Amino acid sequence: MRKTFLAPLSAVAATLAFAVPGVAMAQDTTETATTYEAEPTAPDGTKAFGIEPYIGIQGGHAMFDRDTTGSDIYPKANGGKYSGTLVEGVAGVNVPLGPVFVGVEGSVAKGVAGDINWQYGVAGRAGVRAGESGMIYGKYGREWVTFDRDNVGRPAMKPGEKSIGNPVYGVGVEVGPKDIGLGGVTGNSGIRLRLEANTTDFNSIRPMGGVVMHF
């Protein structure tokens with residue numbers, strides 16, 4: 001009688017002994033097969049969506065038409081045009097939206113040669129993301145410029161005038177390391193080279209080139 005009672009228990013125990021490892025193995029397999037979808041990124045490793053702050057430095061040359069002179073500044077004594085070489089710092093934020101982006105940027109430039117003393121402004125930017133890690137964009141905002149003394153040492157700005165403010169329009173392109181074959185040198189460092197051309201109220205032209213670093 002005792003053997004008859006123990007026999008089914010032995011059979012159940014044996015069945016569990018084989019079944020439990022099988023369940024554990026199946027669970028391990030399921031966990032191993034589970035994959036988590038990675039966050040979308042741009043080709044250079046930056047976020048496809050989000051907020052991208054950046055800083056940069058660039059240099060170039062600004063040339064103003066004679067129409068720039070008026071109630072705010074004196075005409076140059078020799079009848080020439082105001083111009084100057086600039087070094088500029090920029091800081092801004094991009095908001096990537098998949099294949100496009102929008103953003104805002106502030107800038108401050110110091111004249112290192114020529115007639116311009118200071119130039120500063122703020123502008124909105126919008127464009128498309130191109131290539132491996134590049135951008136093509138347009139910008140619109142407002143810019144202020146302070147002129148230095150003209151070629152005969154006379155102050156350029158008329159009394160009471162500290163700067164001239166005008167709308168600014170611009171177009172530009174930024175390319176990352178992969179676009180120019182520098183992936184092996186800089187890697188995913190967040191560095192982009194920038195080329196840009198601006199005009200203030202269509203009375204000037206200012207080509208610039210530099211480097212921006214995003215975070």
Side-chain angles (χ1 to χ4, degrees), residues 51-95 101-127 134-175 190-215:
I51 297 177
E52 179 191 276
Y54 64 90
I55 58 174
I57 186 169
Q58 54 188 14
H61 192 77
M63 296 162 283
F64 290 82
D65 292 341
R66 290 186 179 88
D67 293 340
T68 304
T69 62
S71 60
D72 299 321
I73 62 175
Y74 294 109
K76 294 191 72 171
N78 62 358
K81 301 177 181 180
Y82 283 94
S83 64
T85 301
L86 306 166
V87 174
E88 181 177 59
V90 299
V93 175
N94 293 327
V95 180
F101 79 96
V102 295
V104 63
E105 178 177 288
S107 62
V108 177
K110 173 62 178 172
V112 294
D115 307 312
I116 300 172
N117 191 9
W118 289 97
Q119 197 170 43
Y120 50 94
V122 61
R125 303 198 312 160
M135 295 177 169
I136 300 172
Y137 63 89
K139 63 184 288 187
Y140 170 75
R142 192 162 183 85
E143 195 167 75
W144 294 263
V145 58
T146 300
F147 291 99
D148 210 340
R149 295 178 180 274
D150 70 6
N151 57 301
V152 295
R154 181 181 61 184
M157 307 298 296
K158 290 186 177 180
E161 300 295 339
K162 295 183 178 179
S163 62
I164 301 173
N166 282 304
V168 60
Y169 310 87
V171 294
V173 60
E174 294 180 9
V175 293
I191 293 176
R192 294 190 183 116
L193 302 182
R194 174 190 287 191
L195 294 175
E196 182 179 276
N198 296 337
T199 179
T200 52
D201 206 20
F202 300 103
N203 286 328
S204 69
I205 183 68
R206 194 190 74 163
M208 302 286 281
V211 177
V212 295
M213 176 176 288
H214 61 83
F215 303 98

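None of the values given here were measured: they were computed from a predicted structure.
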When rounded to the nearest 0.5 angstrom, what is the spacing between CG in N166 and CZ in R142? 6.0 Å
CD-OG distance between E196 and S107, expressed to the nearest 0.5 angstrom: 8.5 Å
Mind checking what makes ring pair (Phe, Tyr, Trp, His ring centres under 6.0 Å) contact with Y169, not counting sequence neighbours? Y140, F202
Please report the closest heavy-atom contact between M63 and P207, naming both atoms and the distance. CE-CD, 4.4 Å
How far does OG1 of T146 sit from NZ of K110, to the nearest 0.5 angstrom? 9.0 Å
CG of D65 to CG of D201: how many Å apart, nearest 0.5 Å? 10.5 Å
With sequence neighbours excluded, tell me which residues meet side-chain contact (heavy atoms from CB on, under 4.5 Å) with V104. V122
Any residue meeting side-chain contact (heavy atoms from CB on, under 4.5 Å) with L195, in chain and number order, not counting sequence neighbours: V173
Heavy-atom closest pair (F101 atom, I136 atom, distance to 0.1 Å) is CE2-O, 4.4 Å
For the student: nearest non-hydrogen atoms of I51 and P53, plus distance: O-CD, 3.6 Å
Residue set satisfying side chain to side chain donor-acceptor pair (under 3.5 Å) with N94, at least two apart, ordered chain then number -> E52, R125
Kindly compute the distance separating NZ (K139) from CD (E105), expressed to the nearest 0.5 Å. 5.0 Å
Provide the full list of salt bridge (charged side-chain N to carboxylate O under 4.0 Å, His left out) pairs with a residue in residues 83-95, sequence neighbours left out, each pair given once. E88-R206
Grab the two heavy atoms, one from I116 and one from G84, that are nearest each other, plus how far apart they are. CD1-N, 3.9 Å
Could you walk me through whether F64 and V145 pass the side chain to side chain contact (heavy atoms under 4.5 Å, CB included) test, one step at a time? CA-CA 11 Å; F64 290 82; V145 58; 4.3 Å; yes
Using 0.5 Å steps for rounding, measure from the CD1 atom of I55 to the NE2 atom of H214. 12.0 Å
Set of residues satisfying side-chain contact (heavy atoms from CB on, under 4.5 Å) with respect to I57, sequence neighbours excluded: V87
Under the side-chain contact (heavy atoms from CB on, under 4.5 Å) test, residues paired with V171 that sit two or more places apart: none
To check you understand the geometry: which heavy-atom pair defines the closest contact between N198 and G170, and what is its length? OD1-CA, 3.4 Å
Among all residues two or more places apart in sequence or in another chain, which pass the ring pair (Phe, Tyr, Trp, His ring centres under 6.0 Å) test with W144? Y120
